[in-house]
Amino acid sequence: RKVGVVGCPVHHGQAKPGTEHGPDALREGGLIKKLMGLGLDVHDYGDVGTPSHEDDHHFDLPVKNPKHVATASENIAADVYNVIKSGRTCLALGGDHSMAIGSIFGHSLAEPEHVVVWVDAHADINTPLTSSSGNMHGMPLSFLVKELQPYISKLPGFEFIKPCLSAKNIAYIGLRDVDPGERYIIEKLGIQSFSMSEVDRHGIKDVVEKAMHYLDPEGVKPIHLSFDIDALDPSLAPSTGTPVPGGLSIREGNYICEELAATGRLTCVDIAEVNPSLGNERDNLITVNSALSIITHCFGGRRQGTYPKNYQIP
Ligand SMILES: N[C@@H](CC/C=C/[B-](O)(O)O)C(=O)O
Ligand SMILES: [Mn+2]
Ligand SMILES: [Mn+2]
Ligand SMILES: [Mn+2]
């Protein structure tokens, strides 16, 4: 198995500086060694370019830093596309969740049929006009979903994006802080969503089974997992910008990843919203270790244990 790591050090999708240090925090936490320890062929492509813009004002919309987000997204899309085209599974390291605009678009250029499992406390599907914050990390899906395009204001710099998802290609797991406009959109578009209520009601096994049966009943489609670290309970991921109590346990997080990895069709993984500037030393260690656990279980790590190919008892 071949993995291509792409750093997406973006922070302009939200207001708390520090997510640009997310990729390096994960690397310094031992990411590459851990992946190689799973017997993977790992190539780290480094970080995408995140050009700054002096004149990045709100235009006539309450959207913050659209130029920063657009140029970073275009660069992310190009790198993710290249990694997947080279036959590697892409691991995109955030960076705030606006990174998913580029990672999902780039993935769809390489694999138009892919589905999206969005694991997050938040729905991240506000349009520029339903958003009350103007933060683009709360909007990525709205730029990608075909059914929402009549409601998306044309923003300069985003011309490169062709909406590439239908509502039926998306399933949420972990929602517990959804804005009114987002809830309306989820119901109107019929997006499959398993909030923490469904996780509590059915258990994580049924939720993953239902999500995958809904997205891909034949079990043939490439999978994009967009994992916002704030999907986990804040006790497991304190260093993140929008923590919400009552989140997934690390067991539930690991289970989702083990099950998606077991399909053999996991083609792109985002890990978003790690912000080492928000926590103390201990918080950051806890958060990075949770993120590394999520990642390793996406790439073959299993709690039951693993052993190298052609292992022999010495
Ligand atoms: N729905 C809120 C919160 C957005 C949260 C984004 B996150 O999931 O990427 O952390 C907003 O639109 O500002
Ligand atoms: Mn900046
Ligand atoms: Mn998110
Ligand atoms: Mn979130």
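Sequence positions, counted from 1, serve as the residue numbers for this chain. Counting convention: from 1, in listed order, for ligands and their atoms alike. Given the structure is predicted, the values throughout are model-derived calculations rather than measurements.
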(message) Does atom OH (Tyr184) have a neighbourhood of more than 12 heavy atoms from anything else shown, all under 6.0 Å?
(response) no
(request) With rounding to the nearest 0.5 Å, note down the distance linking CZ in Arg176 to NE2 in His122. (result) 7.5 Å
(message) Evaluate Phe158 against Ile152 for side-chain contact (heavy atoms from CB on, under 4.5 Å), listing each step before the verdict.
(response) CA-CA 11 Å; Phe158 286 89; Ile152 300 296; over 6 Å; no
(request) Identify, with sequence neighbours excluded, every residue that meets salt bridge (Lys or Arg N to Asp or Glu O under 4.0 Å) alongside Glu28. (result) none
(request) Measure up the His68 and His53 rings against each other and bin them: parallel (under 30°), tilted (30 to 60°), perpendicular (over 60°). (result) perpendicular
Tabulate distances under 3.5 Å between N/O atoms of ligand 1 and N/O atoms of the protein, writing both atom names on each line.
unit_1	atom_1	unit_2	atom_2	d
ligand 1	1 (N)	Asp179	OD2	2.8
ligand 1	8 (O)	Asp120	OD1	3.1
ligand 1	8 (O)	Asp120	OD2	3.2
ligand 1	8 (O)	His122	ND1	3.1
ligand 1	8 (O)	Asp124	OD1	2.7
ligand 1	8 (O)	Asp124	OD2	3.1
ligand 1	8 (O)	Asp228	OD2	2.9
ligand 1	9 (O)	Asp124	OD2	3.1
ligand 1	9 (O)	His137	O	3.1
ligand 1	9 (O)	Asp228	OD2	3.2
ligand 1	9 (O)	Glu273	OE2	3.1
ligand 1	10 (O)	Asp228	OD2	3.2
ligand 1	10 (O)	Asp230	OD2	3.1
ligand 1	10 (O)	Thr242	OG1	3.1
ligand 1	12 (O)	Asn126	ND2	3.0
ligand 1	13 (O)	Ser133	OG	2.6

(request) Please report the number of protein N, O or S atoms that lie less than 2.8 Å from the Mn ion (ligand 3). (result) 4
(request) Describe, in one word, how the ring planes of Trp118 and Tyr172 are oriented to each other, choosing from parallel (under 30°), tilted (30 to 60°) and perpendicular (over 60°). (result) perpendicular
(message) Taking salt bridge (Lys or Arg N to Asp or Glu O under 4.0 Å) as the definition, give me every residue that meets it alongside Arg183, ordered by chain and number, with sequence neighbours left out.
(response) Glu187
(request) Mark yes when over 12 heavy atoms from residues, nucleotides or ligands other than Glu113 sit less than 6.0 Å from its CD; otherwise mark no. (result) no
(request) Tell me, yes or no, whether the heavy-atom count around His202 atom NE2, taken from other residues, nucleotides or ligands under 6.0 Å, exceeds 12. (result) yes
